[in-house]
**Student:** 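Quick one: the structure is below, questions incoming.
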Amino acid sequence: MRVCGFVASAAAMRPAAVRTVGCSRRRGMMATIQMTATVEGERNALLEQESLPKFTRIESSQVVPGVTALLDRFEADVAQLESRLSSSEKSYESTVEAAEKASAPVSYAWGVVGHLNGVKNSEELREAYAAMQPRVVEATTKLGQSKALYEGLLGLRELEGARKRIVEANALQMRLAGVGLEGAAKEQFNANRLQLSKLATDFQNNVLDATKQFELVVEDKADVAGLPESALALAAQRAGGSAEEGPWRLGLDAPSYLASMKYLDSSALRERLYRAFVSRAAEANEPLVAEILALRREQAALLGYETFAEVSLATKMADDVAAVDDLHARLAEVAVPAAKRELAELQRFAGVDSLAHWDVPYYAERLRESKFGINDEALRPYFALDAVLDGLFGLVSRLFGVAVRRGAAETWHPDVRFFDVFDGDRKLASFFLDPYSRPEDKRSGAWMDVCLGKSKALDRDVPVAYMVCNGSPPTADKPSLMTYNEVETLYHEMGHALQHMLTEVADADAAGINGVEWDAVELPSQFMENWLLHKPTLYSFAKHYETGEPLPDDVYDKLKAAKTFQAGMMMARQLSFGALDVELHARYDGSENPLDVQRRVFREYAPMAPLPEDTFLTAFSHIFAGGYSCGYYSYKWAEVMSADAFAAFEEAGLDNEDAVKEVGRRFRETVLALGGSAHPSVVYDKFRGRQPTVDALLRHSGLVAP
């Protein structure tokens, strides 16, 4: 499961109220406001906001005094804003931009703290974050419920284009933030909101703790038989041993866990790992799941909605739950029967009537090797990180006419890299790349988030992104050698970053990923994945890291043929996650244990019933800590769009350089440039000349005849 960055660090890391008007989780530096960088005589790096964050000088001890000082100022600025709005003529500048300016310093600092909480977690930082989170939520909720600001927005007339859409979206967000509530209802809503923010942070911390605290140390080399050289080296490095002699430490983070499940010959050890993985944070998070769902139902009722799903979908492309159910049903009609056939084939290959859950990935990899003659480990030497980046940046240049060059900036870890993006001589944007897994202090998954956003009001024209992955780190004698899936993840996150960085919208709340309906934000990311099996693109970087020899042609043919291997099982798995999310937020009333709902839904979609102790929900950070509540379906919704978008390049001719550049220019000028300035259906029509269909997705997945 991929955690898409910008989604993952939103609700869990920043209070939702910051996103209400003019200042969102993507906001950053406020260049137009001068402020002192000291608090009580002590220099505080969180207050140095004239440029990029001062990561080498930011300390956990600065969080409480720094954020406190900014909140004091924020509350005073909001009071002044409300006073002005009550006594003067309203304009876009006096409402939306004024709120953005008031919010920017807090958003900058709290955004940096939230980012570090995900990539450089520590007890000290957790304590500081927990200490300030209630006040941040309370202060920003007050802005989201400002009647003076809300009435100012409603009074704006004669607006067009992006600004009209921004005002309408902000007014809706304020209604969803409780601006219309009074008295006891408002008090209860705000108390619930504060508790939900705390629970999301606790949920994510519990998953991180469960992942990093688990360890399986193996001392007998016979027990790690089957593990490839790269996995042995990583496991030995973590245990302080040698790849040849051990000991070896196996874990639940992706590089370790996935390699163990695919290659470890010992079914007994795979079982221990699997049972630990599917029950991560079970005891700590099971009560949190029930409480979060109950509070969301209560919030929806206070706002006048029947379900929380209605609240969530109010800001999305999908019209209603029925539209989401219809998407799931149409895809499941093809995917679920295919998944059952694929499982039966796997059981025949393994020579058993029934496979244990921890045996499925192991025998799936053996079947893949048998059918196609390839495995992930054999491909690693051709996917060295530096070469992969060169190929990725070359593709970006070819499609969108921009150049990516290494830049310089302070970072939070020595492994982090910084890049600048140029269009000719003009610097358009920059981004940080944190490529490797660090289970000791970095949460799992991959995501893109925003360091600085484009903003006319803040006189900021160079957006900056965070790209965070959890790929295979280098070992003592080898560079980072990636799996194909890790390469695909890197391309995915680059798609998100490109939409943020190549925006042409000047108004912050519609620039980049801002203002884009949640179920459309995965379009650019999933679009980029499609290019990996385009042979010239792959061969631009797929060279052996030692010899420089290109990937053999027969291996490419096998890799391409294997693209749709077990596509039914993969799609059914994703559909089960989305359907579970909808069930919990649209139809669940609290009378059933949420884990029983999980088991019921999974039995409908998955070819194998889950284990009784499988508590997938207790680690489902997407919907309980990452902003995807009644939104996980967005992956499939946007995948329909991304497959259809790639089909435009196929129709033009993937090897027709002039045609590819023309379609790439059109994609940049619409999907990447327009951001949230227009509805996604309007943006897509400008690119494609029509609305997307599911045909390309099913064809690319191998679930219908080409």
**Student:** How close do Ser629 and Arg296 get, counting heavy atoms only, and between which atoms?
**Tutor:** CB-NH1, 3.4 Å
**Student:** Before accepting this row, confirm whether a basic side-chain N of the pair Glu100/Lys456 lies closer than 4.0 Å to the acidic partner's carboxylate O.
**Tutor:** no
**Student:** Quick one: do Lys164 and Glu168 make a salt bridge, cutoff under 4.0 Å?
**Tutor:** yes
**Student:** Below 4.5 Å, heavy atoms only, C-beta onward: do Arg443 and Val207 meet side chain to side chain?
**Tutor:** no
**Student:** Give the intermediate values and the outcome of side-chain contact (heavy atoms from CB on, under 4.5 Å) for residues Leu674 and Glu504.
**Tutor:** CA-CA 6 Å; Leu674 297 180; Glu504 295 294 334; over 6 Å; no
**Student:** Between atom CG of Asn190 and atom CD of Gln145, what is the distance when rounded to the nearest 0.5 Å?
**Tutor:** 4.0 Å
**Student:** Might you point out which heavy atoms bring Leu85 and Leu149 nearest each other, and give the distance in Å?
**Tutor:** CD1-CA, 3.7 Å
**Student:** Strictly below 4.0 Å, N to O, side chains only: are Glu158 and Arg163 in salt-bridge contact?
**Tutor:** no
**Student:** Would you say Thr503's side chain and Gly512's backbone share a donor-acceptor pair under 3.5 angstrom?
**Tutor:** yes
**Student:** Taking Glu493 for its side chain and Met448 for its backbone only, find out whether a donor-acceptor pair lies under 3.5 Å.
**Tutor:** yes
**Student:** Only counting residues at least two apart or in another chain, list the ones meeting salt bridge (charged side-chain N to carboxylate O under 4.0 Å, His left out) with Asp519.
**Tutor:** none
**Student:** Using the ring centroid of each side chain, check whether Tyr466 and Trp412 are separated by less than 6.0 Å.
**Tutor:** yes
**Student:** Quick one: salt bridge (charged side-chain N to carboxylate O under 4.0 Å, His left out) partners of Glu127, sequence neighbours excluded?
**Tutor:** none
**Student:** Report the C-alpha distance between Leu331 and Gln574 in whole Å, list the side-chain angles of each, state the deciding distance to 0.1 Å, and finish with yes or no for side-chain contact (heavy atoms from CB on, under 4.5 Å).
**Tutor:** CA-CA 11 Å; Leu331 295 177; Gln574 287 295 101; over 6 Å; no
**Student:** Does the side chain of Met317 come within less than 4.5 Å of His679's, by heavy atoms?
**Tutor:** yes
**Student:** Below 3.5 Å, can you tabulate the donor-acceptor pairs from side chains in residues 175-182 to any protein atom, sequence neighbours excluded?
**Tutor:**
residue: Arg175; atom: NH1; partner: Tyr150; partner atom: OH; Å: 3.1
residue: Glu182; atom: OE2; partner: Lys147; partner atom: NZ; Å: 3.1

**Student:** If you define the side chain from C-beta out and look only at heavy atoms, does anything of Asp77 sit under 4.5 Å from Leu81?
**Tutor:** no
**Student:** Ring-plane angle category for Trp110 and Tyr129, please: parallel below 30°, perpendicular beyond 60°, tilted otherwise.
**Tutor:** parallel
**Student:** Is it the case that the side chain of Asn121 and the backbone of Lys442 share a donor-acceptor pair, with hydrogens and angles ignored and the cut-off at 3.5 Å?
**Tutor:** no
**Student:** How close do Val321 and Arg587 get, heavy atom to heavy atom, and via which atoms?
**Tutor:** CG1-NH1, 3.7 Å
**Student:** Given the rule in the salt bridge (Lys or Arg N to Asp or Glu O under 4.0 Å) test, do Arg135 and Glu75 qualify, once you have shown the distances and angles that lead to the verdict?
**Tutor:** CA-CA 11 Å; Arg135 190 173 169 201; Glu75 291 169 348; 3.1 Å; yes
**Student:** Test side-chain contact (heavy atoms from CB on, under 4.5 Å) on Phe624 and Leu288; report intermediate values, then the result.
**Tutor:** CA-CA 9 Å; Phe624 293 114; Leu288 271 59; over 6 Å; no
**Student:** If you define the side chain from C-beta out and look only at heavy atoms, does anything of His622 sit under 4.5 Å from Phe577?
**Tutor:** no
**Student:** If you measure from CD on Glu97 to OH on Tyr92, what distance do you get to the nearest 0.5 Å?
**Tutor:** 6.0 Å
**Student:** May I ask you to decide whether Arg165 forms a salt bridge with Glu517, counting only side-chain N to carboxylate O separations under 4.0 Å?
**Tutor:** yes
**Student:** Nearest 0.5 Å please: distance from the CE atom of Met641 over to the CG atom of Leu523.
**Tutor:** 5.0 Å
**Student:** What is the minimum heavy-atom distance between Ala314 and Tyr305, and which atoms define it?
**Tutor:** CB-OH, 4.3 Å
**Student:** Could you work out, with side-chain hydrogen bond (donor to acceptor under 3.5 Å, both in side chains) as the rule, every residue matching Ser86, not counting sequence neighbours?
**Tutor:** none
**Student:** Does Phe620 have its ring centroid less than 6.0 Å away from the ring centroid of Tyr632?
**Tutor:** yes
**Student:** Do Asp449 and His115 have side chains that get closer than 4.5 Å, going by heavy atoms?
**Tutor:** no
**Student:** Is there a side-chain contact (heavy atoms from CB on, under 4.5 Å) between Glu124 and Ser61 once you walk through the steps?
**Tutor:** CA-CA 8 Å; Glu124 296 78 13; Ser61 61; over 6 Å; no
**Student:** side-chain hydrogen bond (donor to acceptor under 3.5 Å, both in side chains) with Asn44: which residues, sequence neighbours excluded?
**Tutor:** none
**Student:** Taking all heavy atoms of Val289 and all of Leu617, pick out the closest pair and write down the distance.
**Tutor:** CG2-O, 3.9 Å
**Student:** For Lys90, look at atom NZ and say whether over 12 heavy atoms of other residues, nucleotides or ligands are found less than 6.0 Å away.
**Tutor:** yes
**Student:** Would you confirm whether Tyr633, through its side chain, and Trp637, through its main-chain N or O, come within 3.5 Å as a donor-acceptor pair?
**Tutor:** no
**Student:** Does any N or O in the side chain of Ser525 come within less than 3.5 Å of the main-chain N or O of Glu522, such that one atom is a donor and the other an acceptor?
**Tutor:** yes
**Student:** Quick one: side chain to side chain donor-acceptor pair (under 3.5 Å) pairs with a partner in residues 306-318, sequence neighbours left out?
**Tutor:** Ser312-Lys316
**Student:** What distance do Arg126 atom CZ and Asp202 atom CG have between them, rounded to the nearest 0.5 Å?
**Tutor:** 9.0 Å
**Student:** If you measure from CD on Glu48 to OH on Tyr108, what distance do you get to the nearest 0.5 Å?
**Tutor:** 8.5 Å
**Student:** For Glu639, is there an ion pair with Lys636 - N to carboxylate O distance below 4.0 angstrom?
**Tutor:** yes
**Student:** With no hydrogens and no angle check, is any side-chain donor or acceptor of Gln204 less than 3.5 Å from a backbone partner on Gly118?
**Tutor:** no
**Student:** Assess whether a salt bridge exists between Arg600 and Asp596, defined as any Lys/Arg side-chain N lying under 4.0 Å from an Asp/Glu carboxylate O.
**Tutor:** no
**Student:** Just verifying a value: how many Å separate Leu156 CG and Ser94 OG, rounded to the nearest 0.5 Å?
**Tutor:** 7.0 Å
**Student:** Quick check on Glu93: does its CD atom have over 12 non-hydrogen neighbours (other residues, nucleotides or ligands) under 6.0 Å away?
**Tutor:** yes
**Student:** Indicate yes or no: at least one non-hydrogen side-chain atom of Gln49 is less than 4.5 angstrom from one of Pro105.
**Tutor:** yes
**Student:** Any side-chain heavy-atom pair from Asp509 and Gln173 closer than 4.5 angstrom?
**Tutor:** no
**Student:** Within the distance-only criterion (no hydrogens, no angle test), does the side chain of Asn192 pair as donor or acceptor with the backbone N or O of Gln299 below 3.5 angstrom?
**Tutor:** no
**Student:** Set out, in order, the CA-CA distance, both residues' side-chain angles and the distance that settles side chain to side chain donor-acceptor pair (under 3.5 Å) for Thr201 and Gln133, then state yes or no.
**Tutor:** CA-CA 9 Å; Thr201 300; Gln133 187 176 31; 2.9 Å; yes
**Student:** Between the side chain of Ser279 and the main-chain N/O of Ala282, is any donor-acceptor distance below 3.5 Å?
**Tutor:** no
**Student:** Just by modelled atom types, is the Arg280 backbone N or O under 3.5 Å from a matching donor or acceptor in the Thr618 side chain?
**Tutor:** yes
**Student:** Using only atom types and a distance under 3.5 Å, with no angle test, would you say the side chain of Gln499 pairs donor to acceptor with the backbone of Val671?
**Tutor:** yes
**Student:** Can you find a pair of side-chain heavy atoms, one from His328 and one from Tyr605, that are under 4.5 Å apart?
**Tutor:** yes
**Student:** So which atom in Leu194 and which in Val137 form the shortest heavy-atom distance, rounded to 0.1 Å?
**Tutor:** CD1-CB, 3.7 Å
